[in-house]
Amino acid sequence: MSVRRPLHFVFKVGDRAKTATFYRDVLGMRILRHEEFEEGCKANCNGPYDGKWSKTMVGFGAEDDHFVAELTYNYGVGEYRLGNDFLGLTLQSSQAVSNAKRLGWPLSEAGEGIYLAEAPGGYHFYLLDKEQPSEDPVRKVSLAASDLQRSTHYWSSFLGMQMQEKNAEKRTVLLGFADNQCKLELQDVGGPVDHGTAFGRIAFSCPRQQLPDIEALMTKENQKILTSLVSLDTPGKATVEVVILADPDDHEICFVGDEAFRQLSMVDPNGEALLDKAMAADKSDEWFAKHNKQKATA
């Protein structure tokens with residue numbers, strides 16, 4: 001399954017300005033593309049909301065060969081409840097550690113040469129204090145599992161990931177499609193997985209022709225399909241096809257046709273300006289403050 005590759009993790013954000021500061025100024029990522037939408041995504045890319053929202057892709061490099069973050073912002077929603085489902089994203093960058101210290105962004109030691117930084121919204125990022133590599137600095141995404149053996153079977157047998165490491169003491173397994181890609185770490189949390197309202201989604205690409213096969217396999221094995229094969233349109237850009245699944249702990253998994261996605265995900269040189277323009281035009285914080293109200297908590 002080496003032709004499959006990890007793409008991004010979706011984070012719901014309630015404060016775009018603080019979030020942009022964290023990704024741009026602390027982590028050192030750049031805005032790859034930004035889009036505004038007037039109504040919800042038919043594949044629930046922005047969660048179970050049908051109003052105006054935006055999507056911002058941020059990363060250390062182009063989506064062709066980097067694992068990035070997809071930041072979804074629902075206008076009018078200021079906060080989401082975290083669960084224990086997303087355990088962290090690990091990246092290697094001493095520059096990010098230096099940036100955090102210079103900007104006064106809180107860091108805590110999480111091991112030898114490892115720092116924990118909390119993104120707005122409470123999402124955990126683990127920073128390896130080593131020189132940032134020339135390739136993708138993002139090393140792994142860690143998700144919770146209530147039954148590690150069952151989850152490992154799902155991701156390896158049904159989705160084709162290979163086990164890279166297993167740590168009995170930490171109750172973790174590391175899985176991946178290829179050595180040079182971002183890995184998926186599953187950690188047994190010894191109980192139910194709670195997704196809260198901030199639940200994210202991990203995305204992978206595969207050749208478009210594999211999408212019907214993935215759906216057929218999941219149907220045959222009586223596994224969860226959240227969204228059957230569907231086409232998603234982005235005005236002025238390529239139309240992509242996706243199948244969205246859920247693993248045994250209900251982690252959302254999106255598989256997208258690679259060929260169209262590579263066209264859709266080309267870096268937009270205006271992405272930075274588009275995000276800044278959208279944030280400047282969003283007066284919702286001022287309106288809520290003026291009327292002594294708070295944005296909704298999802």
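For reference, positions follow the sequence shown, starting with 1. Model, not experiment: these values are computed from the prediction.
Listed by first then second residue, pairs satisfying side chain to side chain donor-acceptor pair (under 3.5 Å) with a partner in residues 126-136 read S93-Q132, not counting sequence neighbours.
For H195, the ring pair (Phe, Tyr, Trp, His ring centres under 6.0 Å) partners are H251, not counting sequence neighbours. In this view, H153 and F158 satisfy the ring pair (Phe, Tyr, Trp, His ring centres under 6.0 Å) rule, not counting sequence neighbours. In this structure, the side chain to side chain contact (heavy atoms under 4.5 Å, CB included) partners of S142, at least two apart in sequence or on a different chain, are L87, K140, E185. The salt bridge (Lys or Arg N to Asp or Glu O under 4.0 Å) check on K277 picks up nothing, with sequence neighbours excluded. Residues satisfying the ring pair (Phe, Tyr, Trp, His ring centres under 6.0 Å) criterion with Y23, sequence neighbours excluded, are F125. Annotation: salt bridge (Lys or Arg N to Asp or Glu O under 4.0 Å) contacts of K237 (sequence neighbours excluded): E35.
A salt bridge is defined here as a Lys NZ or Arg NE, NH1 or NH2 lying under 4.0 Å from an Asp or Glu carboxylate O, and E63 with R33 meets this definition. Using a cut-off of 4.0 Å between Lys/Arg side-chain N and Asp/Glu carboxylate O, D276 and R24 are scored as salt-bridged.
Counting Ile, Leu, Val, Met, Phe, Trp and Tyr side chains that sit under 4.5 Å apart, directly or through other members, F199 stands alone, with no cluster partners. W53 belongs to a hydrophobic cluster with F37, counting contacts under 4.5 Å between side-chain heavy atoms of Ile, Leu, Val, Met, Phe, Trp and Tyr, direct or through other members. Think of I244 as one node in a network of Ile, Leu, Val, Met, Phe, Trp and Tyr side chains linked at under 4.5 Å; its network also takes in L7, L226, V230, L232, V240, V242, V256, F261, L264.
The main-chain N or O of S146 is found under 3.5 Å from a side-chain atom of D249 such that the two form a donor-acceptor pair. Formation of a donor-acceptor pair under 3.5 Å by the R4 side chain with backbone atoms of L159 is found in this model. At least one donor-acceptor pair closer than 3.5 Å links the side chain of N99 to the backbone N or O of V26. Of the possible polar contacts, none joining the S98 side chain to the S94 backbone as a donor-acceptor pair under 3.5 Å is found.
For F11 and F86, the ring centers are positioned less than 6.0 Å apart.
Side chains of N74 and Y80: a donor on one and an acceptor on the other come within 3.5 Å.
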Name the atoms and distances for all side-chain donor-acceptor pairs under 3.5 Å in residues 163-178, with sequence neighbours left out.
unit_1, atom_1, unit_2, atom_2, d
N167, OD1, E169, N, 3.0
N167, OD1, K170, N, 2.8

Would you list the atom pairs, donor with acceptor, under 3.5 Å between side chains in residues 111-122 and any protein atom, with sequence neighbours excluded?
none

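No more than 12 heavy-atom neighbours from other residues, nucleotides or ligands sit within 6.0 angstrom of CD on Q149.
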